[in-house]
Amino acid sequence: MSEAALKAPGAAAVSGDANRWKALVFIALAQLMVVLDATIVNIALPSAQTDLGISDGNRQWVVTAYALAFGGLLLFGGRIADLWGRKRAFVLGLAGFAAASALGGAATTGAMMFGARALQGVFGALLAPAALSLLAVMFTDAKERAKAFGIYGAIAGGGGAVGLILGGFLTEYLDWRWTFFVNVPFAVVAAAGAYFVIREPEGGRNRNPLDIPGVLLSTLGLVALVYGFTRAESDGWGDAVTVSMFVGSVVLLVAFAVVEARVKAPLLPLRVVTDRNRGGIYLSLGLAIIGMFGLFLFLTYYLQVVKGYSPVKTGFAFLPMVAGMITGSTQIGTRLMTRVPARLLMGPGFLVAALGMLLLTQLEIDSSYGALLLPAMVLLGLGMGTAFMPAMSLATQGVEPRDAGVASAMVNTSQQVGGAIGTALLNTIAASATTSYITEHIAGAASKPQQQLVMLQGQVHGYSTAIWFAVGILAAAALIAFTLVNAGRPGATPVASGEGVEDEVPVPVVAH
């Protein structure tokens, strides 16, 4: 290959749209808004439930309505971004998310709140894949891509904890409605900036007609899967509706795979998920999110219920994890991504996070924040940040431009489904362990204070039992990363050839 040919890819990337770094600011802002929303509403839920007269039985729909719409429509949203153009889908997604957030903040009834949350999920499913696929098509130089995805990975990993802080402040000092209204300025600034700054590369759209059977089967299958796990948490794994949701989900998703293998223009081309590296990343990311979501849940309850922290103090307690994620993603991951294979960042990253989880299995009622929780959170943040960054980048690297939207949607789908599984599975394990502990020890508690102590000890025992499972899940994620992710040598950027086969083209290091 000639010297000119070797220089071409890198030169094109570096001399591309001069506004791409400005565009990253607005893409990152939109991603932060979506990630914040996943946790900020949980803090406000008790106050909103009281004001709107929502029953305990229906309370879960504030979270479930969003999860079902978001998780079920992600693949469709990614395909729409490929068809309409990512910039257009991104701006429309932001506008819709802002309108739905304003509706939620102004809600006067439970039904109005549930509808607003479902609409947030619909527009979030359009926004999230468009944001990630814009990064994928705008940043193609190896070093620039590493920096851009380092920032994106830090926000994706740490934004949830920031949501706890912001949610605590808004709920404690203003009103729960501001946890919704706060999205409006985020969205307006991001949409305006994106409209004027983003210049999407030409020729990357997939103008094939929509695969309607694929849309219906994937949406119904993912909705059934997410609802099955959500219902399992509240009604148990043996509940008839729970079981039927899981069975229906398997049937629908298998039918979806069969349809996608046969139709001319599939919603999800199987080449996107059957690639060894992308398949390994989707699987390992999903497993890691299972562990992380369970941890957020347990530590929030532990700090507030057992330790008596306020919502604001609880949010600040998570800051070391956020700092670790930012450091792992922007410093360790970004600096090493062009020098070592992705598996040597992802695998060790998940193992470091597992070590942090292992420390948390030692939780007791009187555990010291400084001696136990602080080092555990730092290790978790460092490990997850280091692993997320190359995973986010590699999941969309090498796909044909026309598939960038659905490849990005698969990243979000693995996270969304992982979150639903983690919340339901680990919460069920914790609840079962707590019940067993209280049953065994309550007889020996004669006074009311002793009984209350046993109840708290039972809760902490449940948390630590479930965290043991999270350690195993993170170890499995590391094993998958080590064995399945075999991406090419550092600094090589896979590009799609005309036949859809990925070739590795060396990208020269360009001095900045």
Side-chain angles (χ1 to χ4, degrees), residues 64-86 88-90 92-93 96 118-130 132-133 136 204-231 241-275 278-279 282-283 286 395-396 399-418 420-421 496 499-500:
T64 303
Y66 177 84
L68 292 181
F70 188 70
L73 292 171
L74 271 167
L75 283 176
F76 182 49
R79 178 65 180 85
I80 289 294
D82 287 335
L83 179 65
W84 288 354
R86 285 120 204 158
R88 186 178 299 173
F90 183 73
L92 180 61
L119 276 177
Q120 278 187 313
V122 169
F123 287 103
L126 182 62
L127 170 62
L132 185 55
S133 58
R205 292 194 191 179
N206 184 344
R207 299 184 186 278
N208 288 321
L210 269 178
D211 167 24
I212 301 300
V215 169
L216 293 174
L217 289 169
S218 67
T219 300
L220 293 174
L222 288 171
V223 164
L225 183 63
V226 172
Y227 184 59
F229 280 108
T230 303
R231 189 176 174 89
V241 176
T242 302
V243 174
S244 66
M245 285 292 114
F246 287 136
V247 172
S249 173
V250 170
V251 172
L252 287 164
L253 292 177
V254 168
F256 172 65
V258 171
V259 167
E260 298 308 275
R262 296 187 177 188
V263 296
K264 185 178 179 181
L267 173 69
L268 176 63
L270 296 184
R271 60 180 175 268
V272 172
V273 290
T274 53
D275 174 83
R278 281 192 290 276
Y282 297 147
L283 190 55
T396 54
V399 294
E400 298 177 39
R402 63 197 174 109
D403 294 334
V406 290
S408 302
M410 277 301 298
V411 176
N412 289 284
T413 301
S414 67
Q415 291 177 304
Q416 184 66 22
V417 172
I421 294 172
E499 293 75 36

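Every heavy atom of this structure was used, including side-chain atoms; hydrogens, water molecules and symmetry mates were not.
- By the side chain to side chain contact (heavy atoms under 4.5 Å, CB included) test, Leu220 pairs with Leu252, sequence neighbours left out.
- Applying the side chain to side chain contact (heavy atoms under 4.5 Å, CB included) test between Leu268 and each of Val259, Leu75, Asp211 identifies Leu75 as the sole match.
- Across every non-hydrogen atom of Gly77 and Pro129, the tightest pair is C-CG, 4.2 Å.
- For Leu283, the side chain to side chain contact (heavy atoms under 4.5 Å, CB included) partners at least two apart in sequence or on another chain are Ile480.
- Closest heavy-atom contact between Arg231 and Val241: NE-CB, 3.2 Å.
- Residues satisfying the ring pair (Phe, Tyr, Trp, His ring centres under 6.0 Å) test with Phe76, not counting sequence neighbours, are none.
- By the 4.5 Å heavy-atom criterion applied to side chains, Leu267 and Ser218 are counted as neighbours.
- Here Ala224 pairs with Met245, Ser249 under the side chain to side chain contact (heavy atoms under 4.5 Å, CB included) rule; sequence neighbours left out.
- For Val243, the side chain to side chain contact (heavy atoms under 4.5 Å, CB included) partners are Val247, not counting sequence neighbours.
- Between Ala130 and Ala89 the shortest heavy-atom distance is CB-CB, 4.1 Å.
- Closest heavy-atom contact between Arg271 and Arg278: O-NH2, 3.5 Å.
- In this structure, CG in Leu74 is found 9.5 Å from OG1 in Thr219, a value given to the nearest 0.5 Å.
- Atom CZ in Phe229 sits 10.5 Å away from atom OG1 in Thr242 (nearest 0.5 Å).
- Taken to the nearest 0.5 Å, the CG atom of Leu92 stands 6.0 Å off from the CZ atom of Phe123.
- Put simply, CG on Leu126 and CZ on Phe70 are 10.5 Å apart, with the number rounded to the nearest 0.5 Å.
- Legend: residues meeting side chain to side chain donor-acceptor pair (under 3.5 Å) with Ser414, ordered by chain and number and at least two apart, are absent.
- Note: Ile80 CD1 to Arg88 CZ = 11.5 Å, rounded to the nearest 0.5 Å.
- Contact detail for Leu222 and Gly72: the closest heavy-atom pair is CB-CA, 3.9 Å.
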